[in-house]
A.B. asks: 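Mind looking over this structure? Questions follow.
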Amino acid sequence: MTEKENNVQHFLDLIRQSRRGKFKVYIGMSAGVGKTYRMLKEARTLLRNGVNIQIAYIETHNRPETHSLLEGLPVIPRRQLFYKGKMLDELDTQAVLNLHPEVVVIDELAHSNIEGSKHEKRWQDVVEILDAGINVISAVNIQHIESLQEEVKNITGIDVSERIPDSILLQADEVVNIDLTADELITRLQEGKIYTPDKIAVAMKNFFQPEKILQLRELALKEVASQVERKIESALPRTAHLRSERFLACISSNHVIARKVIRKTARLAAYYHSRFYVLYVQTPRENMDRIELASQRHLINNFKLAMELGGEVLKVKSSNIAKTIMVTAEEKNITTICMGKPHLNVLGMVLNTAVFAQLLGKLSESDIDVIILS
């Protein structure tokens with residue numbers, strides 16, 4: 001692009017940004033903390049103040065105190081679909097776009113849509129609604145944030161399937177934490193305010209344990225705090241002497257380590273409000289005709305994960321890994337290189353020591369930091 005074209009594009013981006021709807025997200029450490037309740041309370045306040053607000057999708061889970069707040073609020077009928085022998089309800093995105101209210105409430109941001117829907121995920125519906133200039137209030141639990149999956153699984157032992165990319169939270173204009181102590185949350189559970197009586201005992205044995213709740217609470221508090229910091233940093237003018245951080249995640253075909261490196265690098269990049277890249281160096285022994293189909297599929301899934309988290313994927317064919325990493329780092333103005341801790345046998349250590357020695361030698365001559373992620 002020429003300088004003139006860049007200026008025009010920048011102006012167009014500013015116009016689009018001003019037309020886009022505002023996005024508010026309530027975050028909680030778990031089900032039952034009161035996210036839906038708070039959204040409905042806010043909706044009633046906005047309605048009393050003359051705001052054209054509609055409830056597009058809300059899930060009260062038949063909790064009486066929450067369900068009662070729906071009374072008198074304008075509701076957009078849900079779209080009904082017949083799926084696997086059942087009639088199910090979904091958010092009617094097109095109805096929201098047609099009615100074009102000033103504000104719309106859409107619960108359960110991480111929800112996966114029924115097969116055959118326009119979008120695979122509800123957060124994609126929300127993005128389309130925001131792009132149409134409609135303001136959105138939504139909610140999500142901390143365990144549904146993509147880059148926190150490893151930490152959440154370590155805490156709960158559960159691999160959460162419904163997730164949202166971190167980039168969606170970064171688009172939020174306001175992020176609010178709905179906080180409760182572990183004792184308050186367990187009391188709400190025991191009083192039947194979260195689940196029906198037949199599910200309480202199982203919940204107490206599994207997810208709703210004080211130590212697990214405390215750890216999830218800490219994650220939620222940290223996430224909202226980092227969001228506030230990013231908003232402050234983006235609002236304040238950057239001083240000239242501060243360098244702009246750029247992260248490079250170096251991955252291999254070891255999909256388990258690669259996934260951890262991608263997620264942790266994404267968290268770092270989000271914290272510094274900066275760009276990140278994911279580099280995969282395809283050596284001759286990892287040509288597509290020489291590695292298993294399962295490994296190829298895992299690679300593709302990790303590339304997809306990186307893009308969903310806001311990263312740019314770089315795939316380079318080379319027999320010299322260290323040199324490729326350094327060349328890429330120089331081309332992309334990388335400030336920090338992230339890689340996984342090598343899990344190697346004795347032979348692997350011998351074969352790969354030269355690679356790491358060469359890389360560290362080159363890094364010592366530059367102003368690039370390196371982080372070894374466990």
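Here, residue 1 is the first one in the sequence, and each next residue gets the next number.
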A.B. asks: Check whether any side-chain heavy atom of Ile55 sits under 4.5 Å from a side-chain heavy atom of Ile76, and report yes or no.
C.D. replies: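 They are not in side-chain contact.
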A.B. asks: Taking atom CG of Asn62 as the centre, report whether more than 12 heavy atoms of other residues, nucleotides or ligands fall under 6.0 Å from it.
C.D. replies: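 Result for CG/Asn62: open.
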A.B. asks: Give me the ring orientation class for Tyr57 and His111: parallel if the planes are under 30° apart, tilted from 30 to 60°, perpendicular past 60°.
C.D. replies: parallel
A.B. asks: For residues 200-211, run the donor-acceptor check on the side chains, cut-off 3.5 Å, and write out each pair with its distance to 0.1 Å, sequence neighbours left out.
C.D. replies:
unit_1 : atom_1 : unit_2 : atom_2 : d
Asn206 : ND2    : Val202 : O      : 3.2
Gln209 : NE2    : Lys205 : O      : 2.3
Gln209 : NE2    : Asn206 : O      : 3.1

A.B. asks: Under the criterion side-chain contact (heavy atoms from CB on, under 4.5 Å), I'd like the reasoning laid out for Lys304 against Ile300: C-alpha separation, chi angles, the key distance, then a yes or no.
C.D. replies: CA-CA 6 Å; Lys304 182 182 177 184; Ile300 292 168; 5.6 Å; no
A.B. asks: Quick check on His119: does its NE2 atom have over 12 non-hydrogen neighbours (other residues, nucleotides or ligands) under 6.0 Å away?
C.D. replies: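 It does: His119 NE2 has more than 12 such atoms within range.
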A.B. asks: Where do Met29 and Leu180 land on the side-chain contact (heavy atoms from CB on, under 4.5 Å) test, with the steps shown first?
C.D. replies: CA-CA 9 Å; Met29 59 185 166; Leu180 284 179; 4.0 Å; yes
A.B. asks: Check whether any side-chain N or O of Ser117 sits under 3.5 Å from a backbone N or O of Asn113 as a donor-acceptor pair, and report yes or no.
C.D. replies: no
A.B. asks: Taking the basic N atoms (NZ, or NE/NH1/NH2) and the acidic carboxylate oxygens, is any pair closer than 4.0 Å for Arg267 and Glu223?
C.D. replies: yes
A.B. asks: Does this structure show an ion pair linking Glu90 with Arg122, if we count only N-O contacts that are shorter than 4.0 Å?
C.D. replies: yes
A.B. asks: Atom CG in Asp166, atom OG in Ser147: separation rounded to 0.5 Å?
C.D. replies: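 Separation between the atoms: 3.0 Å.
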A.B. asks: May I ask you to decide whether Arg79 forms a salt bridge with Asp89, counting only side-chain N to carboxylate O separations under 4.0 Å?
C.D. replies: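 So Arg79 does not pair with Asp89 through a salt bridge.
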A.B. asks: If you apply the rule side-chain contact (heavy atoms from CB on, under 4.5 Å), what do you find for Asn141 with Ile27, and how did you get there?
C.D. replies: CA-CA 5 Å; Asn141 285 329; Ile27 286 185; over 6 Å; no
A.B. asks: Glu150 pairs by side-chain hydrogen bond (donor to acceptor under 3.5 Å, both in side chains) with which of Lys260, Arg263, Lys264?
C.D. replies: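 Running side-chain hydrogen bond (donor to acceptor under 3.5 Å, both in side chains) over Lys260, Arg263, Lys264 with Glu150 returns exactly one hit, Arg263.
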A.B. asks: Give a yes or no answer on whether the side chain of Asn135 reaches the backbone of Gly21 with a donor-acceptor pair at less than 3.5 Å.
C.D. replies: no
